[in-house]
Asker: 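Below is the structure I would like to discuss, written out as structure tokens.
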Amino acid sequence: MHRRLRATPEWSGLRARCLHLPVRRSLLDIDRLRHSTAHVMAAAVCRLYDGVKLDIGPATDDGFYYDFDLPVRIAPEDFPKIEAEMARIVGQNAPFERVVMSRGEAEKTLSGAGQTYKLDRLSDIPAGEEISFYRCGDFADMCRGPHVASTGDIRAFKLVSVAGSYFRGRETNPMLQRIYGIVAATQKELDAHLERIEEARRRDHRKLGKELDLFSIHESVGPGLVHWHPKAARMRVLVEDFWRREHFRSGYELLFTPHIGRANLWQTSGHLDFYRDSMYSSMDIDGDDYFIKPMNCPFHIQVYQTQKRSYRELPLRWAELGTVYRYEKSGVLHGLLRVRGFTQDDAHIICTPEQIFDEIKSVLAFCLRMFRAFGFSEFRAYLATRPAKAVGEESRWDEASRSLEAALKSEQVEYEVDPGGGAFYGPKIDIKVRDVLGREWQMSTIQFDFNVPERFGLVYVGEDGREHRPYMVHRALLGSLERFFGILIEHYGGAFPLWLAPEQVRVLPVTEKQLDYALKVESALRGRDIRATTDKRSEKLGAKIRSAQLDKVPFMAIVGQKEEASGAVSVRGRSEGDMGARPVDAFAEMLVAGSVPGAAESGNRPT
RNA sequence: GCCAACGUAGCUCAGUCGGUAGAGCAGCUCACUCGUAAUGAGCAGGUCCUCGGUUCGAUUCCGAGCGUUGGCUCCA
């Protein structure tokens with residue numbers, strides 16, 4: 001899941017631009033610094049606490065961590081103490097010395113020190129490979145390295161969090177304590193990094209969702225179940241309308257299907273065999289078991305099966321904004337990004353073998369077009385191919401995988417292949433999108449399904465008059481509307497572009513004497529489908545402007561005596577400031593022109 | 001689900017070493033009628049997450065549960 005990115009020049013350039021990370025050093029050097037700092041942290045923890053058992057302390061994408069088994073609980077309040085000890089070690093400028101040992105020596109050293117986790121890790125090292133320790137002052141750790149020359153090279157670091165983590169990530173193993181830290185070459189770079197974390201915190205969709213009155217999740221209703229407030233609902237309608245229009249234009253038709261279905265259906269589809277852990281328990285209706293849907297595909301298949309299908313009507317492209325419910329473990333729920341009930345922008349494409357190349361290519365192009373409309377321009381794809389255990393003929397897998405790869409090449413999307421990483425039922429492409437802060441979000445998935453068509457006996461009649469099994473592709477572009485909305489909030493920092501803003505204009509009367517005129521302006525704008533409201537409070541103009549700014553409304557229309565006399569408004573842009581007076585009609589014209597779906601706007605810069 | 005922390009007004013938070021609580025903002029009322037990021041005064045607002053236990057007395061201590069947060073894991 002947390003795959004390390006390859007340091008292609010193009011990609012690291014992007015990182016540098018978006019994450020404000022140092023460009024001068026190669027990623028290897030920064031990793032060396034991170035890993036060495038993890039050692040220094042481990043050394044400090046060993047000095048401060050007794051009975052420390054070490055596991056590992058690797059560099060991560062933006063820092064480092066070290067896993068410990070400790071008799072005491074570490075809390076963030078302990079960080080200053082550990083950091084102070086780390087600073088002492090750095091001050092000593094102790095060199096990192098590499099010590100090579102035989103397996104026997106290493107075993108003796110580790111078991112003598114009671115380092116059981118390390119012993120376990122030692123057994124992972126293949127026979128014949130060199131076993132090295134790195135010593136630094138009074139601390140030594142089995143480690144492949146490499147390290148910086150000495151601790152004095154570590155100038156700016158900070159511990160950021162502590163959390164539990166299973167040894168080797170397995171639930172059955174003991175839970176260790178993981179301390180996370182960040183490190184940079186200079187204090188300035190560290191500060192920049194901290195500033196980036198701060199910016200991400202400011203943009204947190206859970207925080208903005210509350211501040212901007214967008215959505216809520218209620219303990220009384222249940223965790224992971226989202227309530228869209230009026231402003232968010234308005235935005236969702238804008239997204240959905242745009243989505244539907246684009247689908248119709250791209251040759252899709254829409255379906256609406258039920259929320260529940262008989263157990264037998266899920267038995268046939270295989271969900272009850274393979275996916276039951278993620279499904280909610282059944283409900284009894286007239287003595288039959290029904291399940292709430294975790295996916296839409298079995299329903300779409302039913303629609304397909306209502307007729308004998310000919311090759312002439314393929315490809316069929318059926319899309320549905322289908323709300324599905326899936327059980328997610330309580331610990332993984334996270335705002336809008338990980339929920340239990342969500343609306344997939346699902347579609348199934350059923351086509352002949354001859355059609356799959358073109359179909360995949362156009363799905364991918366459609367996908368990128370969609371993202372660009374929402375202000376995303378950096379993508380990365382992961383192609384997952386046939387695993388050892390898989391259903392479906394190998395030739396079909398090959399054909400499907402080739403079509404996926406060809407589409408990626410033809411659309412010039414950077415991608416990585418994950419050999420054998422596909423699900424048992426088909427190969428797939430997952431597409432990740434970078435937001436304005438340089439964070440990567442998995443959104444789209446385009447996957448072949450060789451399982452469901454087989455299980456439901458899907459066929460079409462070919463030119464030869466015989467029955468053939470069609471290819472079925474399952475795809476979601478935005479993924480889930482809930483999750484996509486959360487990402488949009490963070491990408492734009494709540495300052496949505498004009499076409500998506502739930503409130504596009506707020507009319508601000510200078511005094512209550514202009515309230516009637518303000519309401520007239522509001523109604524004129526609404527007449528042009530512009531989302532306008534009026535601030536009717538008895539406040540000074542400055543206060544009204546402040547509220548509108550905080551609510552991130554794209555435009556304010558200020559109306560005082562002068563404007564009323566001339567049938568005008570004074571326009572103030574949320575990022576432009578005072579834009580001067582103009583007639584109401586001209587203002588409306590400007591807004592309508594700027595509200596085209598997908599219209600780019602500079603509303604997403606960090607503020 | 002697991003480890004840890006947290007849960008006080010609509011929001012952000014303070015506080016109570018066990019004697020049922022307070023601020024700012026938001027809301028409401030009144031006054032003010034104001035020109036590009038906060039006018040003033042007043043009012044109202046709380047099952048201190050829930051349920052048990054200890055105690056004369058629990059928001060505070062203990063236990064369980066629920067939820068949130070940070071991770072782990074999971075994401076056919």
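Lettering follows sequence order; numbering is per chain, from 1. As the structure is a prediction and not an experimental result, all values here were calculated from the model.
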Asker: Rounding to the closest angstrom, what is the interatomic distance between B:A58 and B:U20 at atom P?
Answerer: 11 Å
Asker: Tell me the interatomic distance from A:F424, atom CZ, to B:A76, atom P, rounded to whole angstroms.
Answerer: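 From A:F424 CZ to B:A76 P: 10 Å.
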Asker: Could you check whether A:K540 gets within reach of a base, just the sugar-phosphate, or nothing at all, counting any heavy atom under 4.0 Å?
Answerer: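 Base contact.
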Asker: Want to settle it: does A:I545 or A:S538 sit nearer the 5' end of RNA chain B, counting the closest nucleotide to each?
Answerer: A:S538
Asker: Go through the steps to decide whether A:R326 and A:F342 satisfy the test side chain to side chain contact (heavy atoms under 4.5 Å, CB included), and finish with yes or no.
Answerer: CA-CA 8 Å; A:R326 299 179 183 177; A:F342 59 95; 3.8 Å; yes
Asker: Using atom CZ of A:R546 as one end and atom C1' of B:U36 as the other, report the distance to the nearest whole Å.
Answerer: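 One finds 14 Å between C1' of B:U36 and CZ of A:R546, rounded.
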Asker: Between B:U8 and B:C13, how far apart are the two C1' atoms, rounded to whole Å?
Answerer: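 Per the computed distance, 9 Å lies between those C1' atoms.
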Asker: Side chain of A:R73 only, heavy atoms from C-beta on: which candidate in B:G35, B:C3, B:A76 is closest?
Answerer: B:C3
Asker: Determine the Euclidean distance between corresponding C1' atoms of B:C43 and B:U47; express it in Å to zero decimal places.
Answerer: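 Per the computed distance, 24 Å lies between those C1' atoms.
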Asker: Taking the six-membered ring where the residue is Trp, are the ring centres of A:Y117 and A:F167 under 6.0 Å apart?
Answerer: yes
Asker: Between B:C34, B:A37, B:A76, which nucleotide has the shortest distance from any of its atoms to the side chain of A:D449?
Answerer: B:A76
Asker: Between A:Y180 and A:F64, is the ring centroid distance below 6.0 Å?
Answerer: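 Not under 6.0 Å, so no.
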Asker: Rounded to whole angstrom units, what separation is found between the CG atom of A:D277 and the P atom of B:C75?
Answerer: 10 Å
Asker: I want to know whether A:F299 and A:W266 have ring centres closer than 6.0 Å.
Answerer: yes
Asker: Mind checking the C1' distance from B:C2 to B:U54? Whole angstroms is fine.
Answerer: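 My reading of the C1' atoms in B:C2 and B:U54 gives 30 Å.
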Asker: Heavy-atom nearest nucleotide on RNA chain B for A:K513 versus A:A423: which residue maps closer to 5'?
Answerer: A:K513
Asker: Looking at B:G35, B:A76, B:G1, which one has an atom nearest to any side-chain atom of A:S570?
Answerer: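 Closest nucleotide among those given: B:G35.
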Asker: To the nearest angstrom, how far is A:R276 atom CZ from B:C74 atom C1'?
Answerer: 19 Å
Asker: Test the A:R582-A:F587 pair against the cation-pi criterion, namely NZ or CZ under 6.0 angstrom from the six-membered ring centroid and within 45° of the ring axis.
Answerer: no
Asker: Looking across every strand, which nucleic acid part, if any, lies under 4.0 Å from A:K562 by heavy atom: base, sugar-phosphate, or nothing?
Answerer: base
Asker: In whole angstrom, give me the gap between the P atoms of B:G70 and B:C56.
Answerer: 43 Å
Asker: What's the CZ-C1' distance between A:F274 and B:C74, to the nearest Å?
Answerer: 18 Å
Asker: B:C75 base to A:S278 side chain: any donor-acceptor pair below 3.5 Å?
Answerer: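 Looking at the base of B:C75, it does not pair with any donor or acceptor on the side chain of A:S278 (distance under 3.5 Å).
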Asker: Can you tell me the base-pairing partner of B:A41? Count Watson-Crick or G-U wobble geometry only, both distances below 3.5 Å, and say none if there is no partner.
Answerer: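 Across all strands, the one nucleotide that pairs with B:A41 is B:U29.
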Asker: Testing the 3.5 Å rule here: is there a donor-acceptor pair between the side chains of A:K210 and A:S216?
Answerer: no
Asker: Pairs under 3.5 angstrom, nitrogen or oxygen only, protein versus nucleotides 12-14 of chain B, please.
Answerer:
{"residue": "B:U12", "atom": "OP1", "partner": "A:K210", "partner atom": "NZ", "Å": "3.2"}

Asker: Rounding to a whole Å, what distance do you find between A:Q549:CD and B:A37:P?
Answerer: 8 Å
Asker: Taking pairing as Watson-Crick or G-U wobble with both contacts under 3.5 Å, can you name the mate of B:C13, or confirm there isn't one?
Answerer: B:G22
Asker: Within the side chain of A:H205, is there an N or O that forms a donor-acceptor pair under 3.5 Å with the backbone of A:L336?
Answerer: yes
Asker: With a 3.5 Å distance limit and no angle check, can you tell me whether A:Q504 reaches the backbone of A:A501 through a side-chain donor-acceptor pair?
Answerer: no
Asker: Whole angstroms only, please: what is the CG-C1' distance between A:N173 and B:U73?
Answerer: 12 Å
Asker: Which nucleotide, if any, forms a Watson-Crick or G-U wobble pair with B:C51, using both distances under 3.5 Å?
Answerer: B:G63
Asker: Report yes or no: does A:E522 contribute a side-chain atom to a donor-acceptor pair with the main-chain N or O of A:T534 at less than 3.5 Å?
Answerer: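 Yes: the side chain of A:E522 pairs with the backbone of A:T534.
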Asker: Assign A:S547 to base, sugar-phosphate, or nothing according to its heavy-atom contacts below 4.0 angstrom with the strands shown.
Answerer: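 Nothing: the residue A:S547, judged by heavy atoms under 4.0 Å, touches no strand.
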Asker: Under a 3.5 Å limit for both distances, which nucleotide forms a Watson-Crick or G-U wobble pair with B:G1, could you say?
Answerer: B:C72
Asker: Do nucleotides 66-72 of chain B as a string where each nucleotide becomes B, S or -: B if the base has a protein heavy atom under 4.0 Å, S if just the sugar-phosphate does, - if no protein is that close.
Answerer: BSSSBBB
Asker: Using the P atom as the reference point in each nucleotide, state the distance between B:G15 and B:A31 in Å, no decimals.
Answerer: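 Each nucleotide's P atom is 40 Å from the other's.
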Asker: Using a heavy-atom cut-off of under 4.0 Å over every strand shown, decide if A:Q514 touches base, sugar-phosphate, or nothing.
Answerer: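 Counting heavy atoms under 4.0 Å across all strands, no contact is made by A:Q514.
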Asker: Is it true that A:E490 and A:R439 make a salt bridge, defined as a side-chain N closer than 4.0 Å to a carboxylate O?
Answerer: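 Here A:E490 pairs with A:R439 in a salt bridge, since their nearest N and O are under 4.0 Å apart.
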Asker: Less than 6.0 angstrom from the centroid, inside 45 degrees of the normal: does A:K428 satisfy that with respect to the ring of A:F448?
Answerer: no
Asker: Checking only heavy atoms, does the side chain of A:E328 share a donor-acceptor pair with the base of B:G1 at less than 3.5 Å?
Answerer: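 Per atom types, no contact qualifies.
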Asker: Measure from NZ or CZ of A:R262 to the centre of the six-membered ring of A:F291 and say whether it is under 6.0 Å with the direction within 45° of the ring axis.
Answerer: no
Asker: One thing to verify: whether A:R475 and A:D346 come together as a salt bridge, which I'm taking to mean a side-chain N less than 4.0 angstrom from a carboxylate O.
Answerer: no
Asker: Nearest to the A:V510 side chain among B:U36, B:G35, B:C75, which nucleotide is it?
Answerer: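 Between B:U36, B:G35, B:C75, the one nearest the side chain of A:V510 would be B:G35.
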Asker: Which nucleotide wins on minimum distance to the side chain of A:A543, given the candidates B:A38, B:G1, B:C34?
Answerer: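 The listed nucleotide nearest to A:A543's side chain is B:A38.
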Asker: Which nucleotides of nucleotides 24-30 of chain B have their base under 4.0 Å from a protein heavy atom (B), which only their sugar-phosphate (S), and which neither (-), written as one string 5' to 3'?
Answerer: -------
Asker: Are A:K552 and A:F496 in a cation-pi contact, defined as NZ or CZ under 6.0 Å from the six-membered ring centre and within 45° of the axis?
Answerer: no
Asker: Considering only atom P, compute the distance from B:G46 to B:C32 and round it to an integer number of Å.
Answerer: 32 Å
Asker: Between A:V363 and A:V473, does a side chain to side chain contact (heavy atoms under 4.5 Å, CB included) hold up when you go through it step by step?
Answerer: CA-CA 10 Å; A:V363 170; A:V473 175; 5.6 Å; no
Asker: What contact category does A:Q177 fall into here, base, sugar-phosphate, or nothing, at under 4.0 angstrom with non-hydrogen atoms?
Answerer: nothing
Asker: I'd like the C1' distance from B:A9 over to B:G52, given in whole Å.
Answerer: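 Each nucleotide's C1' atom is 27 Å from the other's.
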Asker: How long is the line joining OH of A:Y327 and C1' of B:G1, in whole Å?
Answerer: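 It works out to 6 Å between those atoms.
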